[in-house]
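Letters A, B, ... are given to chains in the order of the sequence lines, protein chains preceding strands, and every chain is numbered from 1.
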2 protein chains.
Amino acid sequence: MAYSDRIGASGGKIPDLRPGPSQVWQDYVRSPRAKTLRFGEHDVVFYEGDAADRVYELIEGAIMLYKLLPDGRRQVVEILGPQSLFGVVAGKIYDCNAETLTPAVVRSIDRRDAEGSADLQGHISRCLLSQIETLHEHTVLLGRKSAFERVASFLMRFVPNRGVADCLGPREGAKDDAVVLLTMTRQEIADYLGLTIETVSRVISDLKRRGVIAIEKQDRIRINNVCAICHLTGAH
Amino acid sequence: MAYSDRIGASGGKIPDLRPGPSQVWQDYVRSPRAKTLRFGEHDVVFYEGDAADRVYELIEGAIMLYKLLPDGRRQVVEILGPQSLFGVVAGKIYDCNAETLTPAVVRSIDRRDAEGSADLQGHISRCLLSQIETLHEHTVLLGRKSAFERVASFLMRFVPNRGVADCLGPREGAKDDAVVLLTMTRQEIADYLGLTIETVSRVISDLKRRGVIAIEKQDRIRINNVCAICHLTGAH
DNA sequence: CGAATAGTTGATGTATCTCAAGCAGGGTGG
DNA sequence: CCACCCTGCTTGAGATACATCAACTATTCG
């Protein structure tokens, strides 16, 4: 199964904002100037501080960007799905570490090529904008939401077309459930949500006890009632 | 005194990354197609959900972007100084509220004009990139730093050329102090740092008691030892 | 099958929040 | 010019959500 089937090819939370790849970008990224790279699970694409001379597009799989404090505290700052751009920075070095969550296919192009082409720039801009909106959302989560709301928001991220502004609610009469494949360890989830692994575990157990979710496998969660989880996010 | 003299015209924390305005942008933004707007303190430039048909450049003053949860919790997601762009979004509506912290001068241009010009796009891209790096930093602050570290990081933001990667330390033999003008209420600082007003107040009082800072006026703080504060940020 | 790794659960601690009262600076009107 | 008020800030006492520490259990993989 392709990652996009799970996370939602539309990009999760804000599907209509994630721009479809432009023709020019498509052409370039498939040209011989671009390099295809294949990674396993938990492989590093680049480190914070590396010279930022290439930019990347995730073709298949999932990638996380994270930063470390000197004492080892880690914060996952972004989780990326297919069609996401990463490694595009203002300075000369990457500001984050990039690591795969799943086996992944990545295309990379030379930074100067990306900067030289106006058409590529247009595509990049549109990607950056939806990225900023996601970061704003996540800032609210980290600054103002409780552990329950954080986990609920996290789960909703992976339910396509729900929890968004124009959410239609469950289809009439249909069972309002969904299956979410996390592809992340509890530690990675905790580091993304600004919590500890134990708190994430406790919240998930509690949601299970209350019957709103069922754990089909460690990283495969069935949401029995999407609306219920959505109301726990604090955003509705 | 111009705001830029206080916050640092270079843009605070990452001065060499904040791009200088390009000539094309300069020309456009000063052309008759752009509108100049003047705001007082705590005026709203636009609301979350408003139709996003114009983009803005802050010329003078300071602006905050914030989001609200339905129950009234507020998170300030960005603080902007001169030359910052805002109101550039992927979708049809603004994703944040924009409100002045000080009296401010703003130039606004039509969104379609910005999107139509490749040169303007280039400038916009560069601005968005440094904005993303600042958001990443702030994500680490909200997800992983203690109240002390958050306040210390906040203060360091306003000390030009210090606390950055290539920080040279204090000039040899010179007194290592600095004066910071906050131009924000305790409530706004709290909502930016993901804390309560009481916690911000307590931390500031404690820093004062320990002699690392002095409060010259409510929103005018002297840092007696920049290096000391810098080490309290958790990042060094 | 058994070791290694990841996740859960419990008991306890603590940083930060909440609630409540007191204080200070700036502006207004007498 | 000073008293008064208003708003924003500070301080204290107590509550709590989450972290920490530690033991236990479930998975995965050789």
Item to check | Atom pair distance, as rounded to whole Å: CD in A/Glu149 and C1' in D/dC18 | outcome: 14 Å
Next on the checklist: What is the distance, to the nearest angstrom, from the CZ atom on B/Arg209 to the C1' atom on D/dG12?
Outcome noted: 12 Å
Item to check | Close side-chain approach of B/Glu41 and B/Pro103, heavy atoms under 4.5 Å | outcome: yes
Checklist entry - In B/S/- notation, 5' to 3', how is nucleotides 23-30 of chain D contacted by protein heavy atoms closer than 4.0 Å? => result -----S--
Next on the checklist: Would B/Arg202 and B/Asp206 count as a salt bridge (Lys or Arg N to Asp or Glu O under 4.0 Å) here? Give the steps.
Outcome noted: CA-CA 6 Å; B/Arg202 269 185 255 271; B/Asp206 209 29; over 6 Å; no
Item to check | Separation of A/Phe148 CZ from A/Thr233 OG1 (nearest 0.5 Å) | outcome: 13.5 Å
Next on the checklist: From CG of A/Leu141 over to P of D/dC18, roughly how many Å is that when rounded to an integer?
Outcome noted: 12 Å
Next on the checklist: I'd like to check B/Val212 versus B/Asn224 (side-chain heavy atoms, cut-off strictly below 4.5 Å). Are they in contact?
Outcome noted: no
Next on the checklist: Can you tell me if A/Ser201 touches the phosphate of C/dT9, counting only side-chain N or O atoms and a distance under 4.0 Å to OP1 or OP2?
Outcome noted: no
Item to check | Rounded distance (Å) that lies between atom P of C/dA6 and atom CE of A/Met184 | outcome: 15 Å
Next on the checklist: For A/Arg220, is there an ion pair with A/Glu216 - N to carboxylate O distance below 4.0 angstrom?
Outcome noted: yes
Next on the checklist: Given A/His138, which partner from the list B/Leu142, B/Thr139, B/Val77 fulfils the side-chain contact (heavy atoms from CB on, under 4.5 Å) test?
Outcome noted: B/Thr139
Next on the checklist: What I'd like to find out is whether the side chain of B/Glu188 reaches to under 4.5 Å of the side chain of B/His42, using heavy atoms alone.
Outcome noted: yes
Checklist entry - Can you check the B/Asp219 CG to C/dG26 C1' distance for me, whole Å? => result 13 Å
Item to check | Which atom of B/Tyr192 lies closest to which atom of B/Arg157, heavy atoms considered | outcome: OH-NH1, 3.1 Å
Checklist entry - Could you give the CD-to-C1' distance, from A/Gln187 to D/dT20, as a whole number of Å? => result 13 Å
Item to check | Value in whole Å for how far the P atom of C/dG7 lies from CG of A/Leu207 | outcome: 17 Å
Item to check | Pairwise side-chain contact, B/Arg74 with A/Arg144, heavy-atom cut-off 4.5 Å (strictly under) | outcome: no
Checklist entry - Given C/dT8, C/dG7, D/dC9, which nucleotide is nearest the side-chain atoms of A/Thr185? => result C/dG7
Checklist entry - With the sugar-phosphate defined as primed atoms, P, OP1 and OP2, and the base as all remaining atoms, what B/S/- string results for nucleotides 16-23 of chain C, 5' to 3', for protein heavy atoms under 4.0 Å? => result SSBB----
Next on the checklist: In this structure, how many angstroms lie between the P atom of C/dA6 and the CD atom of A/Glu188, rounded?
Outcome noted: 10 Å
